[in-house]
Amino acid sequence: MHIPHLHDWAVTPREAIALQKQLAGQLVLDRPLDLSAIRHVAGVDVSVREGLSRAAVVVLSFPDLQVVETVLADAPTPFPYVPGLLTFREGPVLEEAFARLKTEPDALIFDGAGCAHPRGIGVASHMGLWLGRPSVGCAKTRLTGWSAGPGPLQGEAAALLARPPTSAEPSPPCIGAVLRTRANVAPVYVSPGHLIDQASAVALVSACLSRFRLPEPVRAAHRAAALTAASQPKLSGV
DNA sequence: GCGACAG
DNA sequence: ATCTTGTCGC
């Protein structure tokens, strides 16, 4: 798919933070997404091993969730892991993977945060901006925010607030949802990335669940990105 | 100063 | 994320 160059990835941590503050203002987080119009959903993930990053974007048909396209991209890991700056570690290789994608997914689900981020722009939001497509963040653990925790039943959800409630601020801004994708199993942290609102983000992730904790698109991407001995790229080709 | 901290 | 054996449960 075509990808406009929004900015340079090779920046210092302080420049990265300045970029995030600037880009956060461009996010559209109040737009409902009509799931009945969705034909393809992509799962996105990156694995890292010994300085090599492998990105995977797997497109599934929707709502039947069958894999229709898988693209991979390898590149040296350019940035250390710094909480809040994950996009600058995964962005370059993700951009390359998306450039190889032929199918135009109607929505993207990332293994990471959307707007539930210290500056409101996690990897799902940031890449959603680069790609100009509806995106959702589905993280396995919390980066920021507070929640009372969802009930134990499958499908239960609780609001993820920017900060814990206080007497001075009874209802802090809602930045996402903590969703119980399987009964009595650790919940996932869902937050809209770009061009989608929270309700639609939760609805999309919910519609992509099968019998596992993570939505199918993310599971497929996670497996595709896995850096195992058998999937190491050959160093010499002819 | 101390604790928290996506992948 | 990755390093790692066995083990509990459907």
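Cluster annotation: A:F79 is connected to A:V44 through the hydrophobic network of ILVMFWY side chains, with a link wherever side-chain heavy atoms come within less than 4.5 Å. In the hydrophobic clustering of this structure, A:V205 does not group with A:L108; members are Ile, Leu, Val, Met, Phe, Trp, Tyr whose side-chain heavy atoms approach within less than 4.5 Å, directly or through other members.
The environment of A:H40 atom NE2 is dense: over 12 non-hydrogen atoms of other residues, nucleotides or ligands sit within 6.0 angstrom. Remark: A:R39 CZ is loosely packed, at most 12 non-hydrogen atoms of other residues, nucleotides or ligands lying under 6.0 Å away. In A:H2, the NE2 atom is not crowded: 12 or fewer heavy atoms of neighbouring residues, nucleotides or ligands sit closer than 6.0 Å.
At a threshold of 4.0 angstrom between heavy atoms, the contacts of A:H222 are confined to the sugar-phosphate backbone, with no base atom among them.
Ring geometry for A:F98 against A:F110 counts as tilted: the plane angle lies between 30° and 60°, on a 0 to 90° scale. In this structure, A:W9 and A:F88 have perpendicular ring planes: the angle between them is above 60°, well past the 30° mark.
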Review point. Which is it for A:F62 and A:D106 under the side-chain contact (heavy atoms from CB on, under 4.5 Å) test, yes or no, and what are the steps along the way?
Key: CA-CA 10 Å; A:F62 186 88; A:D106 301 301; over 6 Å; no

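Here A:E169 pairs with A:R163 in a salt bridge; the nearest charged N to carboxylate O distance falls below 4.0 Å.
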Study note, to complete from the structure: Per-nt protein contacts along nucleotides 2-7 of chain B (heavy atom under 4.0 Å; B base, S backbone sugar-phosphate only, - none) come out as --SBBB

Check nucleotides 3-10 of chain C for protein N or O atoms closer than 3.5 Å to its own N or O atoms and list the pairs.
none

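Atom P of nucleotide C:dT2 and atom CZ of A:R54 are separated by 11 Å, given to the nearest angstrom.
To the nearest 0.5 Å, atom CG of residue A:L86 and atom CG of residue A:L143 are 9.0 Å apart.
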Practice item. Starting at the 5' end of DNA chain B, write a dot or bracket for each base, bracketing those in Watson-Crick or G-U wobble pairs whose two distances are under 3.5 Å and using | for partners on another strand. Key: .......

